[in-house]
Amino acid sequence: MKPKFLFFATFVFSFYFIDGTQASIRIKRSINWNGNNWAMKCDFNGNNLSNVKISSDKCGGKCAETTGCTHFTWTNYNGGTCWMKSGNVSPNDAFETSDSSMVCGYMQNPVNGDVIGTKYSGVLATRHAATKVGACQLPEADYASGIHPVALGDISSLGNLKFKPGLCGHILRVDCGHGSVDIVVNNANLGGGLDLYSSSWDLATGHKPPGQDWCSVQATTRNLFSNSGPRCYYNPSSEMNNDYYHQLGLFNVGGKVVDSANLGGHQGSWNSITGYFSFDGGPVGRDATVTFKYTDGSSFAVLLNDCKKVMAMHTWS
Ligand SMILES: *[C@@H]1O[C@H](CO)[C@@H](O)[C@H](O)[C@H]1NC(C)=O
């Protein structure tokens, strides 16, 4: 009796030890995230939402287009199965497996507590008649191709994608039943839904006459400009050579949402509903640093001297 009992006790103890303490220490050192959000030989526990028989390279895309999917695991079960998963997740929740065919990943970048990839359906869309600069006051720049403007509203069906200055310049994906169209937030439509400019409306609705439509919309990590990485800009309509007053915005942030900013110790405040912060007080030297903080807690710092001075705002149609 005694040897048997000891064997059992040792077994339980080491099982717990390997799966708990030791495994969690190993994880952080060895999961190699590719393109930041997927990796080989890893898995997430539970939270299974649905599954689909599909090849591993299509699993992330399937998750992105599945309502509620925030992360996923692919295994070779049944010839290859993509296990879609729901709920808040952090990359640190992934654990390493010994199966080298497995793939796991997560949807990137929270939008105000939400996760990129969350799709909001049944959102009212209207057609924006005017051609204009828009409340965001986005600068003249080399914009990514295939993006069309929207005045973003704040009705409840928009969920966490209700307009706020931090969404200025973000690229959303809208689908009104005629295929998806990438739209850029350049304006606000407070009290309303998605006010699609004529180019966006025509593509999204299949050239429906002006009126109403109902669409789904989700945030993306697409960049605004044709180059990569965040860019700091002066508001083109602001003074650019006043050491005591600055208006600065950060765009091309790959889906992150700017929440606050600090210039050389001066905390900024949103300048109305433009995509720029106002900074009062100084003098602030050209070698000062402006630090933009995102809703996910990370930040991006740039020298004031590297903030671009463009004299014109982009006109959207
Ligand atoms: C849940 O997903 C995992 C992969 O993460 C899979 O191995 C498991 O079989 C799934 N469980 C159920 C009950 O579907």
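Computed from a prediction, not measured in an experiment: that's the story for all the values here. Counting starts at 1 for both ligands and their atoms, in listed order. Sequential numbering from 1 along the given sequence is applied to the chain's residues.
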Backbone or side-chain N or O of D43 under 3.5 Å from ligand 1 N or O:
yes
When rounded to the nearest 0.5 Å, the distance separating CD1 of I155 from CG of L161 is 11.5 Å
> Charged N to carboxylate O below 4.0 Å: is that the case for K208 and D213?
Replying inline: yes
Ligand 1 atoms nearer than 4.0 angstrom to some heavy atom of F44 are 5 (O)
Among N45, N47, N48, the residue with a heavy atom nearest to atom 3 (C) of ligand 1 is N48
Within one Ile-Leu-Val-Met-Phe-Trp-Tyr cluster: Y276 and L304, side-chain cutoff 4.5 Å: no
Rounded to the nearest 0.5 Å, the NZ atom of K85 sits from the NE2 atom of H71 at a distance of 6.0 Å
Any heavy atom of Y77 under 4.0 Å from ligand 1? The part involved is neither
- Query: Are Y233 and F225 close enough that their ring centers fall under 6.0 Å?
  - Reply: yes
Looking only at protein heavy atoms, what sits closest to atom 6 (C) of ligand 1 is W83 CE2, 3.7 Å
